[in-house]
Engineer: 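My questions will all concern the structure given below.
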There are 2 protein chains.
Amino acid sequence: MHIDVDTLLAYGATPKEWHKGELIFSQGNEARYFHQIDSGMVKMTSLTNDAKEFIQGVFNDGNSFGEPALMLGKPYPASAYAVSDSIIYRLSKEKFLLLLEDHPVLFKKLFHIFCERLYCKTLTANILVNNSPEEKLIGFFDKIKSECKLKESGLVPYTRQQLADYTGLRVETVIRTLSKLSDKKIVAIQDHKVFYK
Amino acid sequence: MHIDVDTLLAYGATPKEWHKGELIFSQGNEARYFHQIDSGMVKMTSLTNDAKEFIQGVFNDGNSFGEPALMLGKPYPASAYAVSDSIIYRLSKEKFLLLLEDHPVLFKKLFHIFCERLYCKTLTANILVNNSPEEKLIGFFDKIKSECKLKESGLVPYTRQQLADYTGLRVETVIRTLSKLSDKKIVAIQDHKVFYK
DNA sequence: CGCTCGTTTGAGAGGACTCAAGGTAGGTGG
DNA sequence: CCACCTACCTTGAGTCCTCTCAAACGAGCG
């Protein structure tokens, strides 16, 4: 949990319900609110020229998102969608800044989260500039491994479409590349499930 | 200027000289020091599978770099090189944390810088996932435009090789794509110089 | 002049994307 | 139990275009 609910409410945050698939805010729009998820799941995505969807990040219960644009007063660089039915607390920019001012501990917490996100995005860039699909996928697997998002068995908890959305590849390319990686014994595939050690 | 020199020195920072081209720290190495440039220029780069160099960021007088890895205690996700002869202050991690603890103003300043970098890296990801060279270059031009790195005349202050290093393309592709963009009147080229409005 | 760095052009090959079609699995409802 | 739906996975064939490799030109500098 990032900011505890009582504190959020004390500063005037209001919960808002979003249904699966709904747009929470749109790329290019002005950032007005701080968002923190009470329950549900949110994805931040941007569209590529060829109408592919690129996943900038995924957020769960307790996570907040969209802060940089809010704090810089710039338009959102990506859109946010509810992946499942979600309840999200919203707090106006002014009150959010006040809250941070009053609570140095929360400020430090957010700072630490920003460190993690910066680190994560640097690794992501490393993955995206690789023009070999094999390297992109291996890079992505190493990244989620270091983030402990792999199951203990090494199971990759993503669909092929999601792997495509994270790496900027097409689904078919992901599938064909996974086959090659399987031939090379770099990943194992059982019942369509992908395993990586 | 990020942290003023007197403060840095008071906490035990020491200046170190680097010559053009020298490696300051290497991808994969443990982060031990906070780095702030007194004078000179530093680039952070990572290598792709096909031995291309990708520029994660460039830093000048007064800028600091490499903080996220330092604060997270993780290995550097990219390498840092001196682009020109540089003098860089180094401060041990413990003392740096102490300094931030003692100076909330500097802490907030760094926080703000992190906001900017996160925003920047999100835009960068948008550029990199585009698989059309034209869109990559236009995206990059829009990005540096929004960051006010374009000259007033619209001059793009980068060599073709640098454009390649920022977009993950090859030099030849950059050149050929610039020609197309010039035909389409999206950029203007005069005496090998590129102009974008 | 010779060197380096950046720029340019050409020809060729490889491979990712595109489009189209069909298969598989899980869940729902009659 | 079976038909149906939806979402995900798979495969094939063909095109396009970026990368690769090679060569050469221009500018700046010692």
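A, B, ... follow the sequence lines: proteins, then strands. Residue 1 opens every chain.
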Engineer: Measure the distance from CG on B:Asp191 to P on C:dT8 and round it to the nearest whole Å.
Structural biologist: 11 Å

Engineer: Whole-Å distance between D:dT6 C1' and A:Lys20 NZ?
Structural biologist: 10 Å

Engineer: Are a donor atom and an acceptor atom from the side chains of B:Asn126 and A:Ser46 found within less than 3.5 Å of each other?
Structural biologist: yes

Engineer: Roughly, in whole Å, what's the span from NZ in A:Lys193 to C1' in D:dC8?
Structural biologist: 14 Å

Engineer: Have a look at A:Tyr166 and tell me which of A:Phe140, A:Phe54, A:Phe141 forms a ring pair (Phe, Tyr, Trp, His ring centres under 6.0 Å) with it.
Structural biologist: A:Phe140

Engineer: Distance check needed: C:dT8 P versus B:Arg170 CZ, whole Å only.
Structural biologist: 18 Å

Engineer: To the nearest Å, give me how far apart CD1 (A:Ile175) and C1' (D:dG12) are.
Structural biologist: 13 Å

Engineer: Is the shortest side-chain N to carboxylate O distance from B:Glu30 to B:Lys74 below 4.0 Å?
Structural biologist: no

Engineer: Okay, side chain of A:Thr159, backbone of A:Gln162: is any donor-acceptor separation there less than 3.5 Å?
Structural biologist: yes

Engineer: Specify the separation, in whole Å, of atom CD of A:Gln161 and atom C1' of D:dA7.
Structural biologist: 10 Å

Engineer: Could you pull out all donor-acceptor pairs under 3.5 Å where a side-chain atom in residues 12-25 of chain B meets a protein atom, sequence neighbours excluded?
Structural biologist:
{"unit_1": "B:Glu22", "atom_1": "OE1", "unit_2": "B:His19", "atom_2": "N", "d": "2.6"}

Engineer: Taking only N and O in the side chain of B:Arg160, is any of them less than 4.0 Å away from OP1 or OP2 of C:dG6?
Structural biologist: no

Engineer: Flag the pair A:Lys43 and A:Glu53 as a salt bridge only when some basic side-chain nitrogen lies within less than 4.0 angstrom of an acidic carboxylate oxygen.
Structural biologist: yes

Engineer: Tell me the bend of the helix from C:dC1-D:dG30 to C:dG30-D:dC1 as the angle between end helix axes, each from five pairs, rounded to the nearest 10 degrees.
Structural biologist: 30°

Engineer: Using atom CG of B:Leu137 as one end and atom C1' of D:dT18 as the other, report the distance to the nearest whole Å.
Structural biologist: 13 Å

Engineer: Please determine whether a side-chain nitrogen of the Lys or Arg among B:Glu67 and B:Lys93 lies less than 4.0 Å from a carboxylate oxygen of the Asp or Glu.
Structural biologist: no

Engineer: Tell me the interatomic distance from A:Leu163, atom CG, to D:dT10, atom C1', rounded to whole angstroms.
Structural biologist: 15 Å

Engineer: Mapping B:Gly168 and A:Gln162 onto DNA chain D by nearest heavy atom, which one lands closer to the 5' end?
Structural biologist: A:Gln162

Engineer: Measure from the side-chain heavy atoms of A:Thr173 and tell me the nearest of D:dC19, C:dA16, D:dT10.
Structural biologist: C:dA16

Engineer: Heavy atoms only, 4.0 Å cut-off, all strands: where does B:Lys180 land among base, sugar-phosphate and nothing?
Structural biologist: sugar-phosphate

Engineer: Using a cutoff of under 3.5 Å, can you pull out all pairs of nitrogen or oxygen atoms linking the protein to nucleotides 19-28 of chain C, with atom names and distances?
Structural biologist:
{"unit_1": "C:dC19", "atom_1": "N4", "unit_2": "A:Glu172", "atom_2": "OE2", "d": "3.1"}

Engineer: Can A:Glu147 and A:Lys143 be counted as an ion pair, charged N to O under 4.0 angstrom?
Structural biologist: yes

Engineer: Is there a side-chain contact between B:Ile144 and B:Tyr196 in this structure, where contact means two heavy atoms from C-beta onward sitting under 4.5 Å apart?
Structural biologist: no

